[in-house]
Participant: 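The structure is given below, and queries will be raised subsequently.
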Amino acid sequence: MAFLFQKLAFFSLSFLQFAPHKILVQSWGPSDPTEGFISLPLNRSYYHIQKPYDLPENQRYCFSDGVHRCWVYSTDKPHTPTSQTKPRTEIAIQGYNYSYGVWQFEGHWYVPQGTSGVCIMQVFGASPPHATTLMLRVVNGSLLYYSGPVLVQDIYDKWFKLNVIHDVDAAKVKVYINGCLKCEADGRGGTSHAFKCGVYAQNDDSYYMESRWKDIKVLRKCD
C-alpha cells in the first residue's frame, strides 16, 4: 500500500509541477498505441527532404538498408534562402496533412553520442505565435518535450520506438516510447498539421547533429 501511495504521489506531483504548461508527465505501459488505428500507404514519394538549400540531398541525407540517416552541421544554411530558421535535415511527410481527426506517427529512432540541442521529431502546425504542436528534442543525452520536461534519459546509441498521437478535435498530444505513455500535452491550435522527423537545430546545438529513422508509419484512427 505504501508503495502504491508513493507511485500515485509521484504522478500527482509530476502533473502539478508542469500544470502551468498543461503537461502530464507519466510512464504507463507498455501498451499498443496503434490499436484502433489504420496504417496508411507510405513510400519514398511521400517524403520531402528539407536540407540546407545550397547542398545536394546526398550530402545531408541517405537511405540504406531500410534506415533513413539525417545529419546537419550548426554552420549549415537553412532549408530555403529566405528562411530565418536554424539548419535542418528533416523528412517532411507530405500528402497526409490534416486538420481534424486523430492521427498517429510511428517510427524507430537512433541518436548517436554527441548530438545535442536538436529537434528530432515535430508535429508541424499551430496557432501563432507557435509554429509547432509538438517538438521532441535531444539535449545532453536526454529526450525532452520542447525544452523540458525530460521524457527519457540516456538515449545515445540506442534504438527506441516512438508513437505520437495527435487528437486535433480534443486538442491533445500523447507521446509513447517503446509502448509506454511518457507525456500527454495540450494541443496548440492551428488549421493544418504534418509530421516531420530528422534533425533541426535548436538552442545550444552541437556542431554535428544526426538522427536515424526506420519503419516510419502514418496512421489514422478508424471512424
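Predicted model, so just to flag it, every value in this text is computed and none were measured. Residue numbers run from 1 in the order of the sequence given.
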Participant: Using 0.5 Å steps for rounding, measure from the CG atom of Leu151 to the NZ atom of Lys182.
Facilitator: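 Rounded to the nearest 0.5 Å, the CG-NZ separation comes to 8.0 Å.
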Participant: Could you label the plane-to-plane angle of the Phe63 and His68 rings as parallel, tilted or perpendicular, counting under 30° as parallel and over 60° as perpendicular?
Facilitator: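 Phe63 and His68: tilted rings.
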Participant: Minimum heavy-atom separation for Ser127 to Gly190, with atom names?
Facilitator: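 That would be OG-N, 2.9 Å.
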Participant: Among residues at least two apart in sequence or on other chains, which ones pass salt bridge (charged side-chain N to carboxylate O under 4.0 Å, His left out) with Lys86?
Facilitator: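 For Lys86, the residues satisfying salt bridge (charged side-chain N to carboxylate O under 4.0 Å, His left out) (neighbours in sequence not counted) are Asp205.
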Participant: Are the side chains of Thr89 and Pro52 in touch, meaning some heavy atoms are under 4.5 Å apart?
Facilitator: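 Contact flag for Thr89/Pro52 side chains = yes.
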Participant: Would you tell me whether Ser31 and Tyr176 have side-chain atoms, one donor and one acceptor, within less than 3.5 Å of each other?
Facilitator: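 No, no side-chain donor-acceptor contact under 3.5 Å.
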Participant: At their closest point, which heavy atom of Thr85 faces which heavy atom of Ser83, and how far apart are they?
Facilitator: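 Here Thr85 and Ser83 meet closest at OG1-OG, 2.6 Å.
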Participant: Would you sort out whether Tyr146 and Thr132 count as a side-chain hydrogen bond (donor to acceptor under 3.5 Å, both in side chains), showing the intermediate values?
Facilitator: CA-CA 10 Å; Tyr146 286 97; Thr132 62; 2.7 Å; yes
Participant: I'd like to know whether Ile91 forms a side-chain contact (heavy atoms from CB on, under 4.5 Å) with Cys70, so could you lay out the CA-CA distance, the side-chain angles of the two residues, the decisive distance to 0.1 Å, and finally the verdict.
Facilitator: CA-CA 8 Å; Ile91 302 169; Cys70 303; 4.0 Å; yes
Participant: Does any pair with a residue in residues 108-137 pass salt bridge (charged side-chain N to carboxylate O under 4.0 Å, His left out), and if so which ones, sequence neighbours excluded?
Facilitator: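 Listed once each, the pairs would be none.
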Participant: Determine whether a donor-acceptor pair (N or O, by modelled atom type, separation under 3.5 Å) exists between the side chain of Thr133 and the backbone of Gly125.
Facilitator: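 Pair found, side chain donor or acceptor close to backbone of Gly125.
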Participant: Rounded to the nearest 0.5 Å, what separation is found between the CZ atom of Arg88 and the CD atom of Gln122?
Facilitator: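 Here the interatomic distance stands at 6.5 Å.
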Participant: Quick one: list whatever passes salt bridge (charged side-chain N to carboxylate O under 4.0 Å, His left out) with Lys77, sequence neighbours left out.
Facilitator: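 So Lys77 forms no salt bridge (charged side-chain N to carboxylate O under 4.0 Å, His left out) with any residue.
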Participant: Measure the spacing between NE2 of His193 and OG of Ser99 and express it to the nearest 0.5 Å.
Facilitator: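 Nearest 0.5 Å value for the NE2-OG distance: 7.5 Å.
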Participant: Does the side-chain contact (heavy atoms from CB on, under 4.5 Å) test come out yes or no for Leu181 and Lys174, once each step is laid out?
Facilitator: CA-CA 7 Å; Leu181 179 60; Lys174 293 181 179 180; 3.8 Å; yes
Participant: Could you pull out all residues at least two apart from Lys214 that satisfy salt bridge (charged side-chain N to carboxylate O under 4.0 Å, His left out)?
Facilitator: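 Once residues adjacent in sequence are excluded, Lys214 has no partner under the salt bridge (charged side-chain N to carboxylate O under 4.0 Å, His left out) criterion.
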Participant: Hey, does Tyr200 have a side-chain heavy atom less than 4.5 Å from the side chain of Ser211?
Facilitator: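 No. Closest side-chain heavy atoms not under 4.5 Å.
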Participant: Do the side chains of Cys197 and Ile120 get nearer than 4.5 Å, heavy atoms only?
Facilitator: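 No - every pair of side-chain heavy atoms lies 4.5 Å or more apart.
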Participant: What pairs of residues pass the salt bridge (charged side-chain N to carboxylate O under 4.0 Å, His left out) test when at least one of them lies in residues 30-48, not counting sequence neighbours?
Facilitator: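 For residues 30-48, and leaving out neighbouring residues, the salt bridge (charged side-chain N to carboxylate O under 4.0 Å, His left out) pairs sorted by first residue read Arg44-Glu57.
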Participant: Mind listing the closest non-hydrogen atom pair of Tyr156 and Ser116 along with its distance?
Facilitator: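 Smallest heavy-atom distance, with atoms named: OH-CB, 4.0 Å.
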Participant: Please check if the side chain of Asp157 supplies one atom and the backbone of Gln113 the other of a donor-acceptor pair under 3.5 Å.
Facilitator: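 Confirmed, Asp157 side chain pairs with Gln113 backbone.
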Participant: Which pairs count as salt bridge (charged side-chain N to carboxylate O under 4.0 Å, His left out) when at least one residue sits in residues 98-123, sequence neighbours excluded?
Facilitator: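 As it turns out, the salt bridge (charged side-chain N to carboxylate O under 4.0 Å, His left out) pairs with a partner in residues 98-123, which skip direct neighbours, are Glu106-Lys161, Glu106-Lys217.
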Participant: Would you kindly confirm whether Val150 and Val139 end up in one hydrophobic cluster when ILVMFWY residues are joined by side chain heavy atoms under 4.5 Å apart?
Facilitator: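 Val150 clusters together with Val139.
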Participant: Would you say the side-chain atoms of Ser142 pair up with the backbone N or O of Gln153, donor to acceptor, closer than 3.5 Å?
Facilitator: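 Answer holds: no.
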Participant: If we ignore angles and hydrogens, is there a donor and acceptor under 3.5 Å between the side chains of Lys196 and Gln50?
Facilitator: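 Looking only at side-chain atoms, Gln50 and Lys196 do form a donor-acceptor pair, the distance falling under 3.5 Å.
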Participant: Taking the side chain as every heavy atom from C-beta outward, state whether Asp76 and Leu55 have any atom pair closer than 4.5 Å.
Facilitator: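 A side-chain contact under 4.5 Å exists here.
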Participant: Go through the steps for Val102 and Val168 under the test side-chain contact (heavy atoms from CB on, under 4.5 Å), then give the verdict.
Facilitator: CA-CA 6 Å; Val102 185; Val168 180; over 6 Å; no
Participant: Take atom CG of Asp65 as the centre, draw a 6.0 Å sphere, and report whether it contains more than 12 heavy atoms from other residues, nucleotides or ligands.
Facilitator: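 Not more than 12 within 6.0 Å, no.
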Participant: Compare all side-chain heavy atoms of Ile93 with those of Ile216 and state whether any distance is below 4.5 angstrom.
Facilitator: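 They are in contact (side-chain heavy atoms under 4.5 Å apart), so the answer is yes.
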Participant: With sequence neighbours excluded, what pairs up with Asn97 under the side-chain contact (heavy atoms from CB on, under 4.5 Å) test?
Facilitator: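 Partners of Asn97 under the side-chain contact (heavy atoms from CB on, under 4.5 Å) test: Ser192, Ala194.
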Participant: To the nearest 0.5 angstrom, please state how far the CD1 atom of Ile49 sits from the CZ atom of Arg60.
Facilitator: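 These two atoms lie 14.0 Å from each other.
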Participant: Quick one, Arg220 and Ile38 - any side-chain contact, counting heavy atoms below 4.5 Å?
Facilitator: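 Arg220 vs Ile38: side chains touch.
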Participant: Checking side-chain contact (heavy atoms from CB on, under 4.5 Å) for the pair Leu134/Tyr145: CA distance, chi angles, key distance, verdict?
Facilitator: CA-CA 8 Å; Leu134 171 72; Tyr145 170 89; 3.6 Å; yes
Participant: Do you know the tightest heavy-atom contact between Ala201 and Val118?
Facilitator: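 In this case the closest contact between Ala201 and Val118 is N-CG2, 4.1 Å.
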Participant: Between the main-chain N or O of Ser147 and the side-chain N or O of Gln202, is there a donor-acceptor pair closer than 3.5 Å?
Facilitator: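 No: the side chain of Gln202 does not pair with the backbone of Ser147.
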Participant: State yes or no: do Trp213 and Phe124 share one hydrophobic cluster built from I, L, V, M, F, W and Y residues joined by side-chain heavy-atom distances below 4.5 Å, directly or via other members?
Facilitator: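 Looking at the clustering, Phe124 is in a separate group from Trp213.
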Participant: Rounded to the nearest 0.5 Å, what separation is found between the CD atom of Glu90 and the OH atom of Tyr61?
Facilitator: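 Glu90 atom CD to Tyr61 atom OH measures 13.0 Å (nearest 0.5 Å).
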Participant: Other members of the hydrophobic cluster containing Tyr207, with the 4.5 Å side-chain heavy-atom rule, please.
Facilitator: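 Other cluster members: Trp71, Tyr73, Tyr208.
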Participant: Do Val175 and Leu136 make a side-chain contact, defined as non-hydrogen atoms from C-beta onward lying under 4.5 Å apart?
Facilitator: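 With C-beta onward as the side chain, the pair touches.
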Participant: Just jot down the salt bridge (charged side-chain N to carboxylate O under 4.0 Å, His left out) partners of Arg69, sequence neighbours excluded, or say none.
Facilitator: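 Counting only residues at least two positions away or on another chain, Arg69 forms a salt bridge (charged side-chain N to carboxylate O under 4.0 Å, His left out) with Glu210.
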Participant: Using a 4.5 Å cut-off between side-chain heavy atoms of Ile, Leu, Val, Met, Phe, Trp and Tyr, which other residues end up in the same hydrophobic cluster as Val67?
Facilitator: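 Traced through the cluster, Val67 reaches Tyr110, Trp159.
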Participant: Taking Thr34 for its side chain and Phe37 for its backbone only, find out whether a donor-acceptor pair lies under 3.5 Å.
Facilitator: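 No; judged by distance alone, with no hydrogens or angles, the pair does not exist.
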Participant: With ring pair (Phe, Tyr, Trp, His ring centres under 6.0 Å) as the rule and sequence neighbours excluded, what pairs involving residues 76-97 come up?
Facilitator: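 Counting only pairs at least two positions apart or across chains, the ring pair (Phe, Tyr, Trp, His ring centres under 6.0 Å) contacts touching residues 76-97 are Tyr46-Tyr96.
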Participant: Got a second to check how far Asn163's CG is from Leu219's CG, nearest 0.5 Å?
Facilitator: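 Atom-to-atom, Asn163:CG and Leu219:CG are 8.0 Å apart.
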Participant: Counting only heavy atoms from other residues, nucleotides and ligands, does the tally under 6.0 Å from CG of Asp215 exceed 12?
Facilitator: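 Correct, the count exceeds 12.
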Participant: With sequence neighbours excluded, tell me which residues meet side-chain contact (heavy atoms from CB on, under 4.5 Å) with Phe160.
Facilitator: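 Listed in chain order: Trp109, Val152, Ile155, Lys158, Ile177, Asn178.
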Participant: Any chance the rings of His166 and Phe105 have centres within less than 6.0 Å?
Facilitator: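 Judged by ring-centre distance (under 6.0 Å), His166 and Phe105 do not meet the cut-off.
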Participant: Taking all non-hydrogen atoms of both residues into account, name the closest pair between Ser74 and Met209 and its distance.
Facilitator: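 Smallest interatomic distance, heavy atoms only, reads N-CE, 3.7 Å.
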